[in-house]
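Below you'll find the structure, written out as structure tokens, and then a few comments.
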Amino acid sequence: MHFLGEDLTGKRVLEIGCGSAPCARWLAGQGALPVGLDLSMGMLERGLAAMARGGPRVPLVQAGAEALPFADASFDLACSAFGAVPFVADSALLMREVARVLRPGGRWVFSVNHPMRWIFPDDPGPAGLTASIPYFDRTPYVEVDADGAATYVEHHRTIGDRVREIVAAGLVLRDIVEPDWPEWLDREWGQWSPLRGELFPGTAIFVTEKPGS
Ligand SMILES: C[S@@+](CC[C@H](N)C(=O)[O-])C[C@H]1O[C@@H](n2cnc3c(N)ncnc32)[C@H](O)[C@@H]1O
């Protein structure tokens with residue numbers, strides 16, 4: 001599926017929460033003009049190291065997705081693969097920021113863990129099939145280090161929350177894609193497994209557009 005469009009040649013694309021920028025580098029290989037943005041210099045350094053080994057090179061920017069350091073309407077497309085969206089407390093602000101930097105008619109496509117996944121423990125086996133957290137509980141999941149400082153924070157939003165934030169940012173929701181578990185994939189890793197994948201979706205992809213042309 002080509003959520004960002006069939007022909008990416010010359011398209012200015014902002015990748016949000018790019019990590020080591022595998023998506024931005026792939027987009028550059030398709031003829032697009034991507035910029036990768038991430039909060040973590042460590043992740044961007046991995047991207048720089050990967051580019052030094054070969055392949056397309058893309059500009060990388062260290063910044064938070066809640067205050068994008070770009071002018072209004074400076075991108076044709078924006079995307080995120082499990083990037084910043086679940087990691088910011090104010091994802092409504094992030095939606096507004098992306099809407100601001102997109103040109104009218106531009107598209108914003110982002111993937112997150114499917115909100116349904118929140119209610120199940122991170123266990124790929126049978127224990128991961130029993131709901132244990134209320135879907136409506138927005139209390140963030142937090143991991144802390146020995147000093148009590150947060151090292152990982154993930155914010156749950158329901159499907160309805162996401163739709164409301166998209167609409168409030170002035171964007172039009174075109175689709176919510178819930179990919180099936182691929183039939184050929186029989187491996188399990190981390191929290192993912194064919195056992196769970198057969199029963200409920202792991203990923204939700206939101207396809208949105210900024211009105212205008
Ligand atoms: C799960 S990783 C996904 C990385 C990449 N998209 C990929 O598919 O490999 C999430 C990324 O979001 C970044 N991130 C988290 N909060 C952010 C924020 N507020 N602004 C920008 N990036 C953020 C993290 O540093 C991390 O690189």
Side-chain angles (χ1 to χ4, degrees), residues 1-4 8 13-30 32-53 55-70 74-75 77-102 107-115 117-118 122 124 138 140-145 149-157 161-162 165-166 169 177 179 182 185 187 189-192 201-208:
M1 281 180 263
H2 297 272
F3 299 127
L4 293 175
L8 297 171
V13 191
L14 175 61
E15 188 192 356
I16 294 186
C18 66
S20 60
C23 297
R25 287 184 276 126
W26 181 85
L27 288 164
Q30 305 302 302
L33 304 172
V35 174
L37 174 138
D38 202 282
L39 194 58
S40 160
M41 185 49 84
M43 291 306 296
L44 295 176
E45 278 168 356
R46 289 191 196 188
L48 291 173
M51 288 189 264
R53 290 193 291 274
R57 302 189 68 88
V58 304
L60 300 178
V61 175
Q62 186 189 19
E66 309 92 316
L68 296 172
F70 304 107
S74 42
F75 292 95
L77 301 166
C79 61
S80 184
F82 306 96
V85 177
F87 306 116
V88 300
D90 191 351
S91 44
L93 171 60
L94 189 159
M95 296 296 144
R96 291 198 297 278
E97 271 297 87
V98 176
R100 180 183 66 74
V101 302
L102 269 184
R107 192 168 265 226
W108 161 225
V109 180
F110 65 93
S111 64
V112 290
N113 278 356
H114 196 290
R117 267 280 301 106
W118 184 257
D122 280 351
R138 274 81 160 185
Y141 169 80
V142 181
E143 290 176 5
V144 294
D145 64 17
T151 53
Y152 180 93
V153 182
E154 188 175 337
H155 299 271
H156 168 60
R157 297 289 176 268
D161 293 338
R162 294 266 176 244
E165 292 180 358
I166 287 165
V177 181
L185 189 54
R187 273 188 309 127
W189 77 100
Q191 58 179 272
W192 309 101
T203 298
I205 303 169
F206 292 81
V207 181
T208 79

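Counting starts at 1 for both ligands and their atoms, in listed order. Every heavy atom of this structure was used, including side-chain atoms; hydrogens, water molecules and symmetry mates were not.
A side-chain donor-acceptor contact under 3.5 Å links Glu15 to the backbone of Ala24. In this structure, Ser111 contributes its side chain and Ile205 its backbone to no donor-acceptor pair below 3.5 Å. A donor-acceptor pair under 3.5 Å links the side-chain atoms of Thr208 to the main chain of Trp108, judged by distance alone. The closest donor-acceptor contact from the side chain of Thr151 to the backbone of Glu143 lies under 3.5 Å. Under a 3.5 Å cut-off, the side chain of Arg100 and the backbone N or O of Leu68 do form a donor-acceptor pair. Arg57 places no side-chain N or O within donor-acceptor distance of the main-chain N or O of Ala28, the cut-off being under 3.5 Å.
Using a 4.0 Å cut-off between heavy atoms, Ala21 makes no contact with ligand 1 at all. Contact annotation: for Val88 versus ligand 1, heavy atoms closer than 4.0 Å belong to the side chain alone. Residue Ser80 does not touch ligand 1, judged by heavy-atom distances below 4.0 Å.
Counting the atoms of ligand 1 from 1 in the order shown, those under 4.0 Å from a heavy atom of Gly64 are 20 (N). Taking a cut-off of under 4.0 Å to the non-hydrogen atoms of Met43, the atoms of ligand 1 that pass are 27 (O). Using a 4.0 Å cut-off to heavy atoms of Glu15, the atoms of ligand 1 that qualify are 6 (N). With ligand atoms numbered from 1 in the order given, ligand 1 contributes 18 (C), 19 (N), 20 (N), 21 (C) to contacts under 4.0 Å with heavy atoms of Ala65. Close approach to Gly83 involves these atoms of ligand 1, each under 4.0 Å from a residue heavy atom: 10 (C), 12 (O). Ligand-side atoms of ligand 1 in range of Ala63: 20 (N), 21 (C), range being under 4.0 angstrom from any heavy atom.
From the protein, the heavy atom lying nearest to atom 18 (C) of ligand 1 is Ala84 CB, 3.6 Å. Scanning all protein heavy atoms for the shortest distance to atom 4 (C) of ligand 1 gives Gly17 O, 3.5 Å. In terms of protein heavy atoms, atom 8 (O) of ligand 1 is closest to Ala81 O, 3.4 Å. The closest protein non-hydrogen atom to atom 10 (C) of ligand 1 is Phe82 O, 3.4 Å. Among all non-hydrogen protein atoms, the one lying nearest atom 22 (N) of ligand 1 is Leu39 N, 3.3 Å. The protein atom (non-hydrogen) at minimum distance from atom 9 (O) of ligand 1 is Pro22 CG, 3.7 Å. Residue, atom and distance of the protein heavy atom nearest to atom 16 (N) of ligand 1 are Phe87 CB, 3.7 Å.
Two residues are said to be in side-chain contact when any heavy atoms from C-beta on lie closer than 4.5 Å; Ser20 and Asp38 fail this criterion.
Rounded to the nearest 0.5 Å, atoms NE2 (His156) and CG (Asn113) are 11.0 Å apart. Atom CZ in Phe206 sits 12.5 Å away from atom CZ in Phe3 (nearest 0.5 Å).
Checking Asp90, Val61, Asp38 against atom 27 (O) of ligand 1, the nearest heavy atom belongs to Asp38. The residue from Glu154, Glu66, Gln62 that puts a heavy atom closest to atom 19 (N) of ligand 1 is Glu66.
Looking at every heavy atom in both residues, Val85 comes nearest to Ser91 through O-CB, 3.9 Å.
In Arg46, the CZ atom is not crowded: 12 or fewer heavy atoms of neighbouring residues, nucleotides or ligands sit closer than 6.0 Å.
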